[in-house]
Amino acid sequence: MSHSGARFRPPGADPIVGCMFAVYAARIDRDQPLNGLESGERPAPERRPGWSTVNVRAASLNHHDLWSLRGVGLAEDKLPMILGCDAAGVDEDGNEVVLHSVIGQTGHGVGPDEPRSILTERYQGTFAEQVAVPTWNVLPKPKGLSFEEAACLPTAWLTAYRMLFTNAGVRPGDSVLVQGAGGGVATAAIVLGRAAGLRVFATSRDEAKRKRALELGAVEALEPGARLPQRVDAVIETVGAATWSHSVKSLRPGGTLVISGATSGDRPSHAELTRIFFLELKVVGSTMGTKEELEDLLAFCAATGVRPVIDEVLPLDRAREGFERLASGDLFGKVVLTHS
């Protein structure tokens, strides 16, 4: 990773006044996104009314960060942009906190007419020593969750929580198919579904990932496209084109397909429209979640002992390694970056 002339400061080293170490998008490269990734000194957040500055202890990677480097949701005129949506840390009063990543969901801290955005689209992100967010977006971290675990929740795990319990509307005893076991949202959906008493099926091209899905509580883990032993009440879809037809065919009449991503492309060759209308299937789009849903998710984890699946924890100055793992798909669960 290019360090723009700056090196990572070890704990206790003196920072440049008014600056902090950060990992950021310096350029947009749609074909080779990691070419735009740099690290080095960036301006520390400035105080502003209604906002809080949080000292970041842990932040997790999401596919959103890779898409940002491709220019999806991130305009050239916003560069350089510190990446990272998710974080847990300590606020100005010494409280251990988790951040809700959606800015502009209400008028708190921003103008009432400001459109909704995720950190790193309009505002600097969490892959830094500090991040500033509206105070409304700061939630208490449950004591039973580590900073690393809490940092996994606000994007991937919140997305999975909303997909399952708000948009799919599943209840204990229902059946769910989770496509693409191993990704952050899919892994979260397996764990949350099992903890909520769902019958969870999962797919993956990778045998090791299918085995891990079973260990996390899936009743069966199959190769993509394999026939399920039963039609399911809901499908959690983040893969897109490669699994779309299988997702539609796996639903019972009246079932619900919830989609929050399309990592394999957003234009399936077979839309299955006849099956969708004939069986009265529901297709629901889902993006992130509300602050209230994040509060519910934090309480759910605290009450049940459910913990995010972490693939690897890396120091902030080794962020490029985490991005490479994410880009290759060679991971199971979340990659977390830490700063002491």
Side-chain angles (χ1 to χ4, degrees), residues 52 54-65 83-91 95-103 105 116 118-120 125-127 131 133-134 136-168 178 181-196 198 216-217 236 238 258 260-261 286-314 322 326 331-339:
S52 293
V54 173
N55 293 307
V56 177
R57 294 290 181 82
S60 68
L61 272 72
N62 293 284
H63 274 96
H64 179 78
D65 299 305
L83 296 172
C85 305
D86 296 348
V90 179
D91 70 10
N95 302 305
E96 296 185 353
V97 298
V98 184
L99 304 185
H100 178 49
S101 309
V102 183
I103 310 297
Q105 192 172 55
R116 183 180 67 169
I118 301 173
L119 278 177
T120 75
T126 61
F127 294 166
V131 63
V133 296
W136 184 86
N137 288 68
V138 179
L139 286 74
K141 179 181 77 65
K143 294 188 181 302
L145 286 172
S146 69
F147 285 111
E148 291 83 0
E149 291 166 342
C152 296
L153 298 177
T155 296
W157 279 67
L158 177 59
T159 296
Y161 185 92
R162 180 176 177 82
M163 291 177 81
L164 283 168
F165 306 122
T166 301
N167 288 326
V178 178
V185 174
T187 303
I190 295 170
V191 176
L192 291 170
R194 168 62 187 274
L198 304 178
L216 292 176
I236 300 303
T238 59
V258 185
S260 71
S286 191
T287 299
M288 293 289 287
T290 66
K291 176 184 174 181
E292 291 74 24
E293 287 166 331
L294 180 54
E295 290 173 331
D296 291 344
L297 171 59
L298 289 166
F300 184 79
C301 290
T304 62
V306 162
R307 295 295 180 267
V309 180
I310 296 176
D311 182 89
E312 188 173 20
V313 177
L314 296 168
L326 186 65
L331 77 173
F332 197 100
K334 299 289 288 178
V335 174
V336 179
L337 305 177
T338 59
H339 183 80

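Scope of the values below: all heavy atoms of this structure, side chains included, with no hydrogens, waters or symmetry mates.
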*Over all atoms of both residues, closest heavy-atom pair of G84 and D65*: N-OD1, 3.0 Å
*Could you give me the CA-CA distance, side-chain angles and deciding distance for L145 and L153, then say whether side chain to side chain contact (heavy atoms under 4.5 Å, CB included) is met?*
CA-CA 11 Å; L145 286 172; L153 298 177; 3.9 Å; yes
*Which residues satisfy the side chain to side chain donor-acceptor pair (under 3.5 Å) test with T238, sequence neighbours excluded?*
none
_Partner set under side-chain contact (heavy atoms from CB on, under 4.5 Å) for A302, not counting sequence neighbours_ = P142
*Determine, step by step, whether R194 and L216 satisfy the side chain to side chain contact (heavy atoms under 4.5 Å, CB included) criterion, reporting the C-alpha distance in whole Å, the side-chain angles of both residues, the deciding distance to 0.1 Å, and the verdict.*
CA-CA 8 Å; R194 168 62 187 274; L216 292 176; over 6 Å; no
*Provide the closest heavy-atom pair for T126 versus C85 in the form atom of the first, atom of the second, distance.*
OG1-N, 3.7 Å
*With a 4.5 Å limit on heavy-atom distance, are the side chains of L99 and P154 in contact?*
no
*Mind checking the CD-OG spacing from E96 to S146? Nearest 0.5 Å is all I need.*
10.0 Å
*Do the side chains of F147 and V336 get nearer than 4.5 Å, heavy atoms only?*
no
*For P140, which residues count as a side-chain contact (heavy atoms from CB on, under 4.5 Å) partner, sequence neighbours excluded?*
none
_If only side-chain N and O atoms count, and only distance matters, is there a donor-acceptor pair under 3.5 Å linking K334 with N62?_
yes
_Once salt bridge (Lys or Arg N to Asp or Glu O under 4.0 Å) is applied, do any residues pair with R307, and if so which ones, sequence neighbours excluded?_
E149
*Sequence-distant partners of V335, side-chain contact (heavy atoms from CB on, under 4.5 Å), two or more places apart*: L61, L314, L331
*Side chains of D91 and S52: is there a donor and an acceptor less than 3.5 Å apart?*
no
*For the residue pair L297 and L192, establish whether any side-chain heavy-atom pair is separated by less than 4.5 Å.*
yes
*Partners of N137 by side chain to side chain donor-acceptor pair (under 3.5 Å), sequence neighbours excluded?*
none
*Minimum heavy-atom distance L139-H100, with the two atoms named*: CD1-CB, 4.0 Å
*Roughly how far apart are E148 CD and I310 CD1, rounded to 0.5 Å?*
6.5 Å
*Please name all residues satisfying salt bridge (Lys or Arg N to Asp or Glu O under 4.0 Å) with E312, sequence neighbours left out, ordered by chain then number.*
R325
*For S60, which residues count as a side chain to side chain donor-acceptor pair (under 3.5 Å) partner, sequence neighbours excluded?*
D86
*Of all residues at least two apart in sequence or in a different chain, which pass the side chain to side chain donor-acceptor pair (under 3.5 Å) check with S260?*
none
_Residues in side-chain contact (heavy atoms from CB on, under 4.5 Å) contact with A168, at least two apart in sequence or another chain_ = V170, A234, V258
*Provide the full list of salt bridge (Lys or Arg N to Asp or Glu O under 4.0 Å) pairs with a residue in residues 294-305, sequence neighbours left out, each pair given once.*
none
Using distance only, find each side-chain donor-acceptor pair of residues 156-164 under 3.5 Å and give its atom names and separation, not counting sequence neighbours.
| from | atom 1 | to | atom 2 | distance (Å) |
| --- | --- | --- | --- | --- |
| T159 | OG1 | T155 | O | 2.7 |
| R162 | NH1 | E293 | OE1 | 3.0 |
| R162 | NH1 | E293 | OE2 | 2.9 |

*Rounded to the nearest 0.5 Å, how far does CZ of R116 lie from CD1 of I118?*
7.5 Å
